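Below: one structure, written as structure tokens.
Note that the structure is predicted; figures quoted are calculated from it, not measured. Start at 1 and go down the list; that is how both ligands and their atoms are numbered.
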Amino acid sequence: MPPVGRLHLITDTRPGRDPLAVLRAALTVPALAPLGPLMVQVRVEDDWTDRQAYELAQAAVQLCAASGAVCLVNDRVDVALAVGAAGVHLGADDLPVEVARRLLGPGAVIGATARGPDGALAALEAGASYLGVGPAYPTTTKDGLPDSIGPSGVAAVAAATRLPVVAIGGVTADRAPGLLAAGAYGVAVVGAVSAAADPAQALARLVSCLSSAFDGSGAGAR
Ligand SMILES: Cc1ncc(COP(=O)(O)OP(=O)(O)O)c(N)n1
Ligand SMILES: Cc1ncsc1CCOP(=O)(O)O
Ligand SMILES: [Mg+2]
């Protein structure tokens, strides 16, 4: 299984966004050792066709392979298999983690959404590789989410599991160190990079803020 990196960049496929341009820009930013490889998650809007999802994922896998990033696919085990992605991220509306593990094998990275300690325990037993925990902060990127749980909610999940906890929802470079201090292993972002005037610079700032958290503090070092 590839290592699970601490910075997860999720594609933004809302109207008017250019996910591949953002990804190409992001992949110009050098990885820094304490963060591991950049994790790229291909996530598409519900109205995208299977063909569109496949083509975006295929392009993302190729770009990631050329620059040492690890590519995951949100929701779609079939698309992940079709493009040779390293794994998937699954939530409550998606295939169960144990089914995805059976289909993808022991070498796949499988992320599971968890909102509390119980979900974290279930995901571990089902064979998840990491947890996506949130929304840490309010977000405008996804509708219909429960209230944000804040760093203390992230801390509660992190304390209840040995799986790496990736905090998601409203994550910015300024908020990232506080989430690591709360026990998160890493963070996932959409808007902090996709909506930035300069996505490469925004990603570089995230890399810098996250890396600084490992300079002596030991924050999030699990
Ligand atoms: C890293 C990470 N964490 C959580 C999610 C959310 O997954 P899910 O709950 O299945 O919601 P959708 O993203 O499918 O709308 C995620 N994608 N990534
Ligand atoms: C998919 C998802 N699941 C929980 S929050 C979220 C969206 C996060 O986007 P942003 O980083 O722009 O807040
Ligand atoms: Mg999902």
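In this structure a side-chain-to-backbone donor-acceptor pair under 3.5 Å is missing from Q201 to D198. Within the 3.5 Å criterion, the main-chain N or O of V4 finds a donor-acceptor partner in the side chain of Y185. Although no hydrogens or angles enter the test, the distance criterion places no donor-acceptor pair under 3.5 Å between the side chain of T161 and the main chain of A158. A donor-acceptor contact shorter than 3.5 Å links the side chain of T139 to the backbone of T141. The main-chain N or O of D50 is never found under 3.5 Å from a side-chain atom of R76 such that the two would form a donor-acceptor pair.
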Would you please test D174 and R205 for salt bridge (Lys or Arg N to Asp or Glu O under 4.0 Å) and show each step? CA-CA 9 Å; D174 290 336; R205 184 140 184 275; 2.6 Å; yes
Output, in order, the C-alpha distance, side-chain angles, deciding distance and verdict of side-chain contact (heavy atoms from CB on, under 4.5 Å) for D75 and H89. CA-CA 6 Å; D75 293 349; H89 185 95; over 6 Å; no
Salt bridge (Lys or Arg N to Asp or Glu O under 4.0 Å), that's the test. Do R43 and D12 meet it? Break it down for me.
CA-CA 7 Å; R43 179 177 184 270; D12 190 345; over 6 Å; no
Checklist line | Candidate pair L210 and V187, rule side-chain contact (heavy atoms from CB on, under 4.5 Å), full reasoning | finding: CA-CA 9 Å; L210 286 166; V187 297; 3.9 Å; yes
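Using a 3.5 Å distance cut-off with no hydrogens or angles, the side chains of R24 and S67 do not pair a donor with an acceptor.
Within the 4.0 Å heavy-atom cutoff, G170 counts among the residues contacting ligand 2.
The OH atom of Y137 sits 5.0 Å away from the CG atom of L179 when rounded to the nearest 0.5 Å. For the atom pair OG of S129 and CD1 of I110, the computed distance is 6.0 Å after rounding to the nearest 0.5 Å.
For atom 12 (O) of ligand 2, the closest non-hydrogen atom on the protein side is T141 OG1, 2.4 Å. Looking from atom 3 (N) of ligand 2 to the surrounding protein, the closest heavy atom is I168 CD1, 3.9 Å.
Residue-to-ligand polar distances place T139 within reach of ligand 2: an N/O pair is separated by less than 3.5 Å. The shortest N or O to N or O distance between R43 and ligand 2 is not under 3.5 Å.
Among L145, V189, V190, the residue whose heavy atom sits closest to atom 4 (C) of ligand 2 is L145.
Near-neighbour remark for the Mg ion (ligand 3): protein N, O or S atoms under 2.8 Å are D75 OD1, D94 OD2; waters not counted.
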Less than 3.5 Å apart, N/O on ligand 1 and N/O on the protein: could you list those pairs with the distances?
from     : atom 1 : to   : atom 2 : distance (Å)
ligand 1 : 3 (N)  : H89  : NE2    : 3.4
ligand 1 : 7 (O)  : T113 : OG1    : 3.0
ligand 1 : 9 (O)  : T113 : OG1    : 3.0
ligand 1 : 10 (O) : G91  : N      : 3.2
ligand 1 : 10 (O) : D94  : OD2    : 3.0
ligand 1 : 11 (O) : K142 : NZ     : 2.8
ligand 1 : 13 (O) : R43  : NE     : 2.7
ligand 1 : 13 (O) : N74  : ND2    : 3.3
ligand 1 : 14 (O) : N74  : ND2    : 3.0
ligand 1 : 14 (O) : D75  : OD1    : 2.9
ligand 1 : 14 (O) : D75  : OD2    : 3.4
ligand 1 : 15 (O) : R43  : NH2    : 2.8
ligand 1 : 15 (O) : K142 : NZ     : 2.7
ligand 1 : 17 (N) : Q41  : OE1    : 2.9
ligand 1 : 17 (N) : N74  : OD1    : 3.3
ligand 1 : 18 (N) : Q41  : NE2    : 3.0

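Taking a 6.0 Å sphere around CD of E45, one finds it holds more than 12 heavy atoms contributed by other residues, nucleotides or ligands.
Residue contact check: G191 has heavy atoms under 4.0 Å from atoms 10 (P), 11 (O), 12 (O) of ligand 2.
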